[in-house]
Protein chains: 2
Amino acid sequence: MAETIPPNAQPLIRRIESIALFELHDAERVALAALPMQSADFSARQDIATEHDRPSRSFTVLSGIVATYKTTRAGGRQVMAYHVPGDVPDFQSLHLEVLDFSLAAVTPCRVGFVRHEAVRSLLEAQPRLVGAFWRATLINAALSREWMLNLGRRDAYARTAHLFCELFTRLQAVGLVHDHTCALPLTQLELSDALGLTSVHVNRVLKDLRGAGLVTLSGKNLTVHDWERLKAAAEFDPTYLHLRRKAG
Amino acid sequence: MAETIPPNAQPLIRRIESIALFELHDAERVALAALPMQSADFSARQDIATEHDRPSRSFTVLSGIVATYKTTRAGGRQVMAYHVPGDVPDFQSLHLEVLDFSLAAVTPCRVGFVRHEAVRSLLEAQPRLVGAFWRATLINAALSREWMLNLGRRDAYARTAHLFCELFTRLQAVGLVHDHTCALPLTQLELSDALGLTSVHVNRVLKDLRGAGLVTLSGKNLTVHDWERLKAAAEFDPTYLHLRRKAG
DNA sequence: CGCAGCGTTGAGGCCAATCAATCTCAGTGG
DNA sequence: CCACTGAGATTGATTGGCCTCAACGCTGCG
């Protein structure tokens, strides 16, 4: 949680560039880079913000993976979204006073906090960015919808495959995939929180996926062995990600 | 689907008023009322827009209930959200070119279409409304998150109770509840699409809820007999609805 | 009157949860 | 170098919630 080296808005800028429907002006890029940002480090599993908070700032993920989650009284935990570098997981707090979910670091990660006033000035000075940020929040909503279809209507096998497809594609889009593998240090318990399953069952499903030669999640890496069949098993259609460019 | 009497932006204006964090100016109200709106009627179950469309206009619900849904290849159907009068279910199409979900009339309903250009001019002329509309889309996202918790972590009984809590509260907020009951002409099959269950199981859950004296869904009406116990069964906490005023 | 759509109920089966034990392996410290 | 520890992964046995299949009742309507 310590203050560190001057933060770097690069991931955010790259994200906005990939999201915006127009090419950024230099002025816009400069304004983004000049956002007064306070960086902080979190270790895995640490909460960054919790339900019912009333944040006066938002943050962007600089490195690592962050999760949005909610819990039931009985202790059930449901991860609603994972956030990769460049994402602004709690952008909504700019418009909604009280947070209706919690945010936690999944991996050790660095985030950059920006006060709401600074965001508001930025958007006033660079009004085209409003559309881009708005679009970003709408894409998040689109991801939740697919997630709901997943939770409500796909069995454990397809559901798990789908999660891997999504994460793989998104990490690819931010350049974090090499040799069909990406760093994904999720425990089976954490996976089960996202999938609405138990860790025991996740274990069995992973075994099946491995046995079928689709993917392996071992150690802290996810390796995709047969993308086409994985996609088929998951019924994965990346339209909902609203990516503008093909991932490379 | 026929053209009809001059449409009426009242539900939309009321909604925006209840959402905005400021009091609307007369100019803003007038601008909203002057939106060129083309109204259309849909009968129950008719699609209003479907996945992969590229809409050039959005619509607001004038009367009736509209559902957002997606389907799996196997035919599984998942309703992600219900929309009540005043909502703009596909506002996102203003910023996201291709629709990643479908929209259907749940009850017979009337909607008002507004071309995207008209919305853009409105938002340019009345920039404060940007925040209000943005807020509306963020509230929708908050609803999906609670829905995900529901699908992933609550059993059929609590899940059903929760859906009723939400719909009841929202319909109350737009004045559609009288005597602890509201019109809710959903078949058990439709309910099951929203709950991620089968209609057979929904039937049994409804029986239990009725037997426990919490709610009855009979004919086309939902009656809440014991709000407190219903809320408790559902673990319902209305924070996520982000209502500004207590419903009355 | 008879069909069609919806609600209701029962029997049986399956997927995933639960309970519980064992295994692996990276640390840690003596 | 090895015993010890604890977190996570793996596996088996059993249970239970929800699904599937199937039949029947009800009600509105052409």
Side-chain angles (χ1 to χ4, degrees), chain A residues 43-46 72 74-79 105-108 150-164 183-212 215-223 233, chain B residues 43-46 72 74-78 104-108 150-164 183-212 215-223 233:
Chain A
S43 47
R45 274 151 230 222
Q46 214 178 337
T72 61
R77 179 182 156 111
Q78 181 64 49
V79 169
V106 170
T107 71
N150 229 9
L151 289 171
R153 288 295 170 204
R154 285 200 258 260
D155 64 18
Y157 189 81
R159 202 187 297 177
T160 307
H162 197 281
L163 174 58
F164 288 152
L184 194 67
L186 294 173
T187 66
Q188 296 181 352
L189 185 65
E190 289 165 331
L191 264 181
S192 73
D193 286 340
L195 293 166
L197 301 168
T198 58
S199 63
V200 174
H201 199 62
V202 165
N203 182 282
R204 300 193 220 266
V205 170
L206 289 180
K207 187 180 170 187
D208 290 347
L209 284 168
R210 201 184 317 129
V215 282
T216 59
L217 180 71
S218 87
K220 302 180 176 317
N221 293 98
L222 177 75
T223 304
Chain B
S43 47
R45 275 154 229 219
Q46 214 178 337
T72 61
R77 178 182 156 111
Q78 181 65 47
V106 170
T107 68
N150 229 9
L151 289 172
R153 289 295 169 205
R154 285 200 257 259
D155 65 17
Y157 189 81
R159 201 186 298 175
T160 307
H162 197 281
L163 174 58
F164 287 153
L184 194 68
L186 293 174
T187 66
Q188 295 181 353
L189 184 65
E190 289 164 332
L191 263 180
S192 74
D193 286 339
L195 294 166
L197 301 168
T198 57
S199 63
V200 173
H201 200 61
V202 166
N203 182 282
R204 300 192 219 267
V205 170
L206 289 180
K207 187 179 168 186
D208 291 348
L209 285 168
R210 201 185 317 132
V215 281
T216 57
L217 180 70
S218 86
K220 305 181 172 317
N221 293 97
L222 177 75
T223 305

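Proteins come first, then strands; the chains are lettered A, B, ... in the order of their sequence lines, and each starts at number 1.
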Engineer: With a non-hydrogen cut-off below 4.0 angstrom, is B/G219 in contact with a base, only sugar-phosphate, or nothing?
Structural biologist: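 Nothing, no heavy atom under 4.0 Å.
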Engineer: So, taking the atom named CD in A/Q188 and the one named CG in A/D193, what distance separates them when rounded to the nearest 0.5 Å?
Structural biologist: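 Rounded to the nearest 0.5 Å, the CD-CG separation comes to 12.5 Å.
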Engineer: Are the side chains of B/Q78 and B/L151 in touch, meaning some heavy atoms are under 4.5 Å apart?
Structural biologist: yes
Engineer: Looking at A/R210 and A/T216, would you say the former's side chain and the latter's main chain have a donor-acceptor pair under 3.5 Å?
Structural biologist: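 No; zero donor-acceptor contacts below 3.5 Å.
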Engineer: With rounding to the nearest 0.5 Å, note down the distance linking CG in B/D155 to CG in B/N150.
Structural biologist: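 Reported value, rounded in 0.5 Å steps: 10.0 Å.
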Engineer: Contact between A/V79 and A/V106 at the side-chain level, heavy atoms closer than 4.5 Å - yes or no?
Structural biologist: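 A/V79 does not reach A/V106 side chain to side chain.
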Engineer: Report the distance from atom OG1 of A/T223 to atom CZ of A/F164, rounding to the nearest 0.5 Å.
Structural biologist: 10.5 Å
Engineer: In this structure, how many angstroms lie between the P atom of C/dA4 and the CG atom of B/L189, rounded?
Structural biologist: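 Roughly 18 Å, once rounded to whole Å.
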Engineer: Does a side-chain N or O of A/T198 approach OP1 or OP2 of C/dA17 to a distance below 4.0 Å, or not?
Structural biologist: yes
Engineer: Could you state the interatomic distance from CG (A/L222) to CG (A/L206), rounded to the nearest 0.5 Å?
Structural biologist: 9.5 Å
Engineer: Output the single nucleotide from C/dG7, C/dA16, D/dT10 whose closest atom is nearest the side chain of A/L197.
Structural biologist: C/dA16
Engineer: For every nucleotide of nucleotides 24-29 of chain D, 5' to 3': is a protein heavy atom under 4.0 Å from its base (B), only from its sugar-phosphate (S), or from neither (-)?
Structural biologist: ------
Engineer: Hey, is the main chain of A/L195 close enough, under 3.5 Å, to the side chain of A/R159 for a donor-acceptor pair?
Structural biologist: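 Side chain of A/R159 to backbone of A/L195: a pair is present.
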Engineer: Without decimals, in angstroms, what is the distance between A/L151 CG and C/dA16 P?
Structural biologist: 13 Å
Engineer: Roughly, in whole Å, what's the span from CZ in A/R154 to C1' in C/dA16?
Structural biologist: 18 Å
Engineer: Show the nearest heavy-atom pair for residues B/A158 and B/A233, with the distance to one decimal.
Structural biologist: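 Heavy-atom minimum between the residues: CB-O, 3.4 Å.
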Engineer: Taking atom P of C/dC15 as reference, at what distance in whole Å does atom CZ of A/R159 sit?
Structural biologist: 14 Å
Engineer: For the pair made of CD in B/Q188 and C1' in C/dT9, what is the distance, rounded to whole Å?
Structural biologist: 12 Å
Engineer: Could you give the distance from CD (A/E190) to CZ (A/R77), rounded to the nearest 0.5 Å?
Structural biologist: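 Between A/E190 CD and A/R77 CZ, I get 7.0 Å after rounding to 0.5 Å.
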Engineer: Using 0.5 Å steps for rounding, measure from the CG atom of B/L186 to the CG atom of B/L217.
Structural biologist: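 Atom-to-atom, B/L186:CG and B/L217:CG are 7.0 Å apart.
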Engineer: Would you call A/D208 and A/T160 a side-chain contact if the rule is heavy atoms closer than 4.5 Å?
Structural biologist: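 In short, these two side chains do not touch, never coming nearer than 4.5 Å.
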Engineer: Among residues 199-208 of chain A, which ones have heavy-atom contacts with DNA chain D below 4.0 Å?
Structural biologist: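 Only A/V200, A/N203, A/R204, A/K207 qualify.
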Engineer: Find the distance B/L186:CG to C/dG7:C1' and express it as a whole number of Å.
Structural biologist: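 So the two atoms are 15 Å apart, to the nearest Å.
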Engineer: Report for the helix from C/dC1-D/dG30 to C/dG30-D/dC1: angle between first-end and last-end helix axes, five pairs each, rounded to 10 degrees.
Structural biologist: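 Computed angle between terminal axes is 30°.
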Engineer: From D/dT20, C/dC6, D/dC18, pick the nucleotide closest to the side chain of B/R45?
Structural biologist: C/dC6
Engineer: Taking only the side-chain nitrogens and oxygens of B/R153, find out if one of them lies under 4.0 Å from OP1 or OP2 of C/dA17.
Structural biologist: no
Engineer: Roughly how many Å is it from NZ in A/K220 to C1' in C/dA26, rounded to a whole number?
Structural biologist: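 Distance check: A/K220 NZ to C/dA26 C1' gives 10 Å.
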